[in-house]
Every structure is written in structure tokens, then in C-alpha cells.
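Worksheet: one structure, shown below.
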Amino acid sequence: MAAPQDRGFARGRRPALGDDAPRASDRFGRATEWIARAMGTPWFLVILTLFCVAWMAWNTIAPLEWRFDSAAIGFTALTLLLSLQASYAAPLILLAQNRQDDRDRVALEQDRQRAERNLADTEYLAREIASVRLTLEALEKTLRELDAPHHRRKDDA
């Protein structure tokens, strides 16, 4: 079983309160992963599309006093808002990717150690089987030698 310090990257694991309580940087990292995951879904694209359509419709169809972003100059506020969203999305995705790389690195190391243990166990079992086979062969030879005089007496009689 994995040591307690190795379980920090396990998926779905909630650390206990106390010494293992998540630090602020870990909470931030999990939040960035959640945001990055949410931005990669079809629902995010649908909602963003609906938001943009509603924005453009409002600023095109609504009475002039209610409009806040002019269609005549290319919806500048919407463009700035989408640029701001994109400028935050890239670093958040990179942060989430770095955390996933860390988890993958830990999982790869654990897999390598498990493979080494399995290989050592397999080699040990192969040696033990070979030892049992040699012991059985020696035992069979000894039994034949012990049984040989018994068979000679029957043949002599």
C-alpha cells in the first residue's frame, strides 16, 4: 500500500483536516483545474456563445439609451471582455496541465516501483520453483535407489 505521503495526488481523495489540510496554493491549484476543465466542455462554449449573441442582440436591438456597447465600432467592450477571458484562460490551463504532469510523474514512479517489485517477486518464485524441482528430482533419485534393492530381491526369487 502507498505511504501516506504518496497519496497527495490521488484522484478523488479528500485530505483529512489537521496536518494534511490543503494549503492555500493547493486550493488555488484545484480551483484552476476546475476552471480549466469547465472551459474545455461543450457547455462552456454553448454558454459563451449564448452570452455573445445576447450581448450583440441587446446592443443592436435595445433602445439607444439602454445600449452600452456600440455595434458601429465593433462591440469594443465585448472584444475586450473576450480578450480578458482568453488572457486568463491560457495560464489557468497551463497551471492545470503542470499539476497533471506532477500527478503523472508520481503515478509513473509508483508504477515503475511496482514493476520492479513484481519482477523481483517473479524472479524469487522462479528460483523457488527451480529449487523445488531439483529437490523433487533428488528425492525421486533417492527413492529409486532405495527401491532398487527391493526390486532385485523380487527378481531373484
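Only this structure's heavy atoms are used, side chains among them; waters, hydrogens and symmetry mates stay out.
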Exercise answer: donor-acceptor pairs, residues 127-138 side-chain atoms, under 3.5 Å, sequence neighbours excluded:
{"from": "Arg133", "atom 1": "NH1", "to": "Glu137", "atom 2": "OE2", "distance (Å)": "3.2"}
{"from": "Thr135", "atom 1": "OG1", "to": "Ser131", "atom 2": "O", "distance (Å)": "2.8"}

Between Arg112 and Glu116 (salt bridge meaning N to carboxylate O under 4.0 Å), is one present in this structure? yes
Side chains of residues 73-81: which donor-acceptor pairs under 3.5 Å do they make with residues two or more places apart or in other chains?
{"from": "Thr76", "atom 1": "OG1", "to": "Ile73", "atom 2": "O", "distance (Å)": "3.3"}
{"from": "Thr79", "atom 1": "OG1", "to": "Phe75", "atom 2": "O", "distance (Å)": "3.0"}

If hydrophobic clusters are built by linking Ile, Leu, Val, Met, Phe, Trp and Tyr wherever their side-chain heavy atoms come under 4.5 Å apart, do Leu82 and Phe44 end up in the same one? yes
Nearest heavy-atom neighbours spanning Ala62 and Trp58: CB-O, 2.8 Å
Apply salt bridge (Lys or Arg N to Asp or Glu O under 4.0 Å) to Arg105 and Asp102, showing your working. CA-CA 5 Å; Arg105 194 174 305 111; Asp102 291 342; 2.8 Å; yes
Atom CG of Leu45 and atom CG of Leu50: how far apart are they, to the nearest 0.5 Å? 11.0 Å
Nearest-0.5 Å distance that lies between atom CD in Glu33 and atom CD1 in Ile35: 11.0 Å
Quick one: do Arg114 and Asp121 make a salt bridge, cutoff under 4.0 Å? no
Between Asp104 and Gln100, does a side chain to side chain donor-acceptor pair (under 3.5 Å) hold up when you go through it step by step? CA-CA 6 Å; Asp104 291 346; Gln100 184 62 45; 2.9 Å; yes
Given the rule that I, L, V, M, F, W and Y join up when any side-chain heavy atoms are under 4.5 Å apart, are Ile47 and Ile93 in one cluster? no
In short, Ala36 meets Leu92 closest at the heavy-atom pair CB-O, 4.2 Å
Please collect all salt bridge (Lys or Arg N to Asp or Glu O under 4.0 Å) contacts where either partner lies in residues 62-87, sequence neighbours excluded, each pair once. none
Grouping ILVMFWY residues whenever side-chain heavy atoms fall under 4.5 Å, the cluster of Leu125 otherwise contains Tyr124
Set of residues satisfying side-chain contact (heavy atoms from CB on, under 4.5 Å) with respect to Phe28, sequence neighbours excluded: Thr32, Leu95
Please report the interatomic distance CZ(Arg144) to CG(Leu139), rounded to the nearest 0.5 Å. 10.5 Å
Spell out, as yes or no, whether a donor-acceptor pair under 3.5 Å connects the side chain of Asn59 to the backbone of Trp55. yes
Could you list who else is in Leu84's hydrophobic cluster, with ILVMFWY side chains joined at under 4.5 Å, directly or through other members? Tyr88
